[in-house]
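Here the structure comes first, spelled out in structure tokens, and everything after it is commentary.
Worth saying up front: this structure is predicted, and the values here are computed from it rather than measured. Sequence positions, counted from 1, serve as the residue numbers for this chain. Counting convention: from 1, in listed order, for ligands and their atoms alike.
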Amino acid sequence: MSYLNKKTLQDIDVDQKIVFVRCDFNVPLDNGTIADDKRIIESLKTLKYLVEKKAKIIACSHLGRPKDGFDMEFSLKPVADRLAKLIDTKVIMSSDVIGEDTFKKINNLNPGEILLLENIRFHKEEKKNDREFAKKLASMADIYVNDAFGTSHRAHASTAGIAEFLPAVSGFLIEKEISFMGEALANPKRPFVAILGGSKVSDKISVIENLLDKVDTLIIGGGMAYTFNKSKGYKIGTSICEDDKIDLAKSLLKKAAEKGVKILLPVDNMVGDDFNPNCNAKLVDSDKIPDEYTGLDIGAKTQEIFAEEISHAKTVIWNGPMGVAEWDRFAIGTISIAQALSDNKDCVSIIGGGDSAAAVEKLGFADKMDHISTGGGASLEFLEGKVLPGIAALMNK
Ligand code: ADP
Ligand code: MG
């Protein structure tokens, strides 16, 4: 599923129309204040465009996981306040989702103004994708725009159900996600290299299987590499390993060989005598990890081999850190990959996955990447080739 055929905001006339925009304002809150407003910033391109086009904008989002009914702790009020500071138009907050306050405020909305609805998950019908509820949401507007990429893998009323009742297009954020990840999956410039890491093979089986049909090279690092190396008969000490996935790892390696996909696994590792940032660490070859040691990062030779492969790639999709990148001592392998990607100016670099995106940002490489997906779970499902209901529901070109 590459979704390159989906209509976007640019394919529809929004002038003076009432436009329902599903945003992803699911920001981290710290005692009621927004700890990181990246998601609000990412939505500005679409909202500013609609303001400029004099649309009457109904913005909608969820925040956290409230139980059914209003709960101040999950109110979108802080988002309304922050949005008002970031955009040059009036932002009005509604005290409900579908109710008198909302209807009254829509009636009084001027072109180019934004009405932010309260947390859509205050209604249990949202997650149930209740058809009547979706129809009611749709009845408030002329056009539906989905720009909540991070929630597009969920079939909820405001992400998918509503699209049945209105002309439905993507906003600019979803368009960007599709154009990078969809293009890479459908028409990659080659060599196409995927780098997979993170802790567990089981989290990434479908990603590996889907990418094996598309990539030229698959680089495997991070915790999941140890299951693969064990399947080759290597001693992996106490490194993280899923023993019930060893046969699968073996068959994936075989499948890759049959398809002519080159697989690179770590040949050396930084290992520690404890799973602890202050452990005693040493560098050892992948087939000689001492019994009492655990693999925490890829080693220097591996970094060089991976970097060499990346240096002549034309498309790279990267999901999952190369080691325990939360700990500075074991972020070196992840940094080396980010550096290799930054050094290759001739390559489209795409980062998918929540922890990978966080690592790239924390390590200071964010502006060197072509695309950092805003949806952890959604980007994984995109890479798995799964249907994303919130995007599938949009009109085709
Ligand atoms: P993403 O969110 O980008 O998809 P994952 O959630 O799959 O990535 O993996 C990230 C996690 O993998 C991090 O918490 C990291 O500490 C862990 N990890 C990476 N390498 C190892 C390792 N060698 N041993 C244990 N955990 C690891
Ligand atoms: Mg993760």
Side-chain angles (χ1 to χ4, degrees), residues 28 38 149-150 153 177 181 194-208 210-211 218-230 234-243 245 249 265-279 281-286 289-290 292-299 302-303 306 316-338 341 349-363 365-366 369 371-384 386:
K38 184 166 176 272
F149 182 73
H153 56 317
E177 297 275 3
M181 289 196 282
I195 309 165
L196 297 179
S199 50
K200 294 210 298 227
V201 179
S202 50
D203 289 344
K204 307 280 163 87
I205 295 168
S206 313
V207 180
I208 300 174
N210 190 37
L211 291 179
L218 184 57
I219 293 178
I220 299 177
M224 63 190 257
Y226 300 103
T227 302
F228 283 91
N229 274 344
K230 192 169 178 184
Y234 290 9
K235 279 161 58 82
I236 61 161
T238 60
S239 305
I240 185 170
C241 177
E242 291 165 282
D243 285 320
K245 295 289 176 294
L265 282 158
V267 297
D268 62 348
N269 314 266
M270 280 308 288
V271 298
D273 61 355
D274 189 18
F275 191 77
N276 175 323
N278 303 312
C279 62
K282 59 182 181 180
L283 182 65
V284 296
D285 284 346
S286 288
I289 300 180
E292 65 281 15
Y293 278 79
T294 185
L296 297 170
D297 198 4
I298 55 173
T302 305
Q303 291 167 27
F306 288 4
V316 172
I317 288 184
W318 179 13
N319 169 269
M322 293 292 99
V324 186
E326 297 93 328
W327 301 339
D328 292 349
R329 285 173 82 197
F330 303 104
I332 315 287
T334 301
I335 292 175
S336 75
I337 296 291
L341 266 175
S349 49
I350 301 166
I351 318 297
D355 291 287
S356 323
V360 165
E361 268 156 34
K362 188 183 137 210
L363 300 171
F365 288 92
M369 304 298 151
H371 181 64
I372 300 180
S373 178
T374 56
S379 65
L380 263 192
E381 294 199 16
F382 202 136
L383 300 181
E384 287 172 357
K386 281 195 186 152

Q: Show the numbers, then the answer: is there a side-chain contact (heavy atoms from CB on, under 4.5 Å) between T294 and I240?
A: CA-CA 7 Å; T294 185; I240 185 170; 5.8 Å; no
Q. Which is it for D355 and ligand 1 at heavy atoms under 4.0 Å: side chain, backbone, both or neither?
A.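 The part of D355 near ligand 1 is both the backbone and the side chain.
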Q) Any idea which part of N319 is under 4.0 Å from ligand 1, heavy-atom wise: side chain, backbone, both or neither? A)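 Side chain only; the backbone of N319 stays clear of ligand 1.
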With respect to [X], determine whether any N or O atom, backbone or side chain, lies less than 3.5 Å from an N or O atom of ligand 1.
X	value
G295	yes
Y226	no
S199	yes
K204	yes

For ligand 1, which atoms have a heavy atom of [X] less than 4.0 angstrom away?
X	result
G320	3 (O), 8 (O)
I240	24 (N), 25 (C)
P321	8 (O), 9 (O), 10 (C)
G223	19 (C), 20 (N), 21 (C), 22 (C), 23 (N)
G323	15 (C), 18 (N), 19 (C), 20 (N)
G222	20 (N)

Q: Measure from atom 16 (O) of ligand 1 to every heavy atom in M322, M270, M224, E326 and give the option owning the shortest one.
A: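 Among M322, M270, M224, E326, the closest heavy atom to atom 16 (O) of ligand 1 comes from E326.
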(Q) Does any part of the side chain of M322, heavy atoms only, come nearer than 4.5 Å to the side chain of T302, both counted from C-beta? (A)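 No. Closest side-chain heavy atoms not under 4.5 Å.
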Q: Indicate yes or no: at least one non-hydrogen side-chain atom of I351 is less than 4.5 angstrom from one of L341.
A: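 Contact flag for I351/L341 side chains = yes.
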Q) E177 side chain to F149 main-chain N or O, any donor-acceptor pair under 3.5 Å? A)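 Not at all, since once roles are kept as given, no pair shorter than 3.5 Å links the two residues.
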Q. Does N210 offer a backbone N or O that forms a donor-acceptor pair with the side chain of E384 under 3.5 Å?
A.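 Side chain of E384 to backbone of N210: no pair is present.
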Q. Do NZ/NE/NH1/NH2 and the carboxylate oxygens of D297 and R329 come within less than 4.0 Å?
A.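 A salt bridge is absent here (no side-chain N lies under 4.0 Å from a carboxylate O).
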Q: Show your working on side chain to side chain donor-acceptor pair (under 3.5 Å) between Y226 and N269 and close with a plain yes or no.
A: CA-CA 10 Å; Y226 300 103; N269 314 266; 3.2 Å; yes
Q) By side-chain contact (heavy atoms from CB on, under 4.5 Å), which residues pair with A358, not counting sequence neighbours? A)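 So A358 forms no side-chain contact (heavy atoms from CB on, under 4.5 Å) with any residue.
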For [atom], what's the nearest protein heavy atom and its distance?
atom	value
atom 25 (C) of ligand 1	F275 CE1, 3.7 Å
atom 3 (O) of ligand 1	S356 OG, 2.3 Å
atom 9 (O) of ligand 1	G198 CA, 3.1 Å
atom 27 (C) of ligand 1	V324 CG2, 3.8 Å

Q) Where is the tightest heavy-atom contact between G352 and S373, given as atom of each residue plus distance? A)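 Shortest heavy-atom contact: CA-CB, 4.2 Å.
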Q. What's the spacing between L196 CG and K204 NZ if we round to 0.5 Å?
A.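 Result: 7.0 Å between the selected atoms.
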**Q.** CD1-CD1 distance between I195 and I350, expressed to the nearest 0.5 angstrom
**A.**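 Taking CD1 in I195 and CD1 in I350, the distance rounds to 11.0 Å.
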Q) Does D355 bring an N, O or S atom to under 2.8 Å of the Mg ion (ligand 2)? A)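 Of the N, O and S atoms in D355, at least one lies under 2.8 Å from the Mg ion (ligand 2), which means yes.
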